[in-house]
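Please read the structure below before turning to the comments.
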Amino acid sequence: MSIQKTLSIIKPDAVRKNIIGQILSKFESNGLKVAAMKMKHLTQAEAEGFYAEHKERGFFGDLVRFMISGPVVVLVLAGNDAILKNRELMGATDPKKAEPGTIRREFAESIDENAVHGSDSSQSAEREIAFFFNAAELVN
Ligand code: CMP
């Protein structure tokens with residue numbers, strides 16, 4: 001086990017449902033610590049840049065429209081094996097395939113509006129954290 005940092009986004013659907021606290025509670029009660037956090041309304045350029053790896057996919061336009069449809073909470077989570085732990089807590093991308101008890105199974109209805117994003121590797125975590133935060137904004 002190693003201490004890692006990972007990027008999480010609480011997406012517009014979850015912010016609209018007023019469940020930011022319930023999602024943070026899942027992270028905190030499972031050993032992840034918030035190392036940085038801010039609420040923001042992404043611009044189209046930010047959403048397109050963040051999800052650039054998906055730009056050839058058929059769902060890219062809908063994904064960007066959804067991600068700019070309302071404010072999000074971007075946060076850095078830290079802890080033992082934080083990248084994998086966060087992905088386990090989120091559950092499968094499609095909430096219908098997510099395990100019971102996971103965030104997406106409990107709080108999301110569709111693959112398009114799936115409540116949370118989490119980095120999928122240490123390389124993406126590094127890129128995604130730097131996309132939203134500078135070093136001075138991270139604690140410990
Ligand atoms: P996220 O983990 O934020 O990464 C990309 C997002 O694209 C994903 O969550 C989904 O919300 C969205 N998406 C929509 N359709 C698909 C699909 N077929 N496969 C993967 N992601 C999809």
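Any value given below was found using the heavy atoms of this structure, including those in side chains, with hydrogens, waters and symmetry copies removed. We count ligands from 1, going down the list as the structure has it; atoms in each ligand are counted the same way. In this text the structure is predicted, and so the values were computed from the model without any measurement.
A cation-pi arrangement, defined by a distance under 6.0 Å to the six-membered ring centre and an angle within 45 degrees of its axis, is absent between Lys11 and Phe66.
Nearest residue to atom 14 (C) of ligand 1 from Asp112, Asp62, Asp94, Asp13 is Asp112 (criterion: closest heavy atom).
Per-residue contacts place Tyr51 under 4.0 angstrom from the following atoms of ligand 1 (heavy atoms of the residue considered): 1 (P), 3 (O), 4 (O), 5 (C). When each atom of ligand 1 is checked for a heavy atom of Lys11 under 4.0 Å away, the hits are 1 (P), 3 (O), 9 (O), 11 (O).
For ligand 1, one of its N or O atoms has an N or O atom of His117 under 3.5 Å away.
Here the heavy atom of the protein found nearest to atom 8 (C) of ligand 1 is Thr93 CG2, 3.8 Å. In terms of protein heavy atoms, atom 12 (C) of ligand 1 is closest to Ile111 O, 3.8 Å. Nearest non-hydrogen protein atom to atom 21 (N) of ligand 1 is Phe59 CZ, 3.6 Å.
Under the side chain to side chain contact (heavy atoms under 4.5 Å, CB included) test applied with Ile10, the options Val74, Ile19, Val15 reduce to a single match, Val15.
Between His117 and Tyr51, the ring planes are perpendicular. Angles over 60° get that label, and only those under 30° would be called parallel. By the 30° and 60° cut-offs, the orientation of the rings of Phe50 relative to Phe132 is tilted.
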Contacts table for residues 77-85: side-chain donor-acceptor under 3.5 angstrom, sequence neighbours left out:
unit_1	atom_1	unit_2	atom_2	d
Lys85	NZ	Asn30	O	3.1

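Taking the charged nitrogens against the carboxylate oxygens, Lys40 and Glu46 do have a contact shorter than 4.0 Å, which makes a salt bridge.
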- Evaluate side chain to side chain donor-acceptor pair (under 3.5 Å) for Ser69 paired with Arg16, printing each intermediate quantity in order. CA-CA 10 Å; Ser69 68; Arg16 276 192 281 276; 3.2 Å; yes
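Only the side chain of Leu63 comes within 4.0 Å of ligand 1, judged by heavy-atom distances. If you look at Glu53 next to ligand 1, there are no close heavy atoms at all, none under 4.0 Å. For Glu113, no heavy-atom contact with ligand 1 is shorter than 4.0 Å.
Look at Arg104 and you'll find a heavy atom under 4.0 Å from some atom of ligand 1.
The environment of CD in Gln44 is sparse: at most 12 heavy-atom neighbours from other residues, nucleotides or ligands sit within 6.0 Å.
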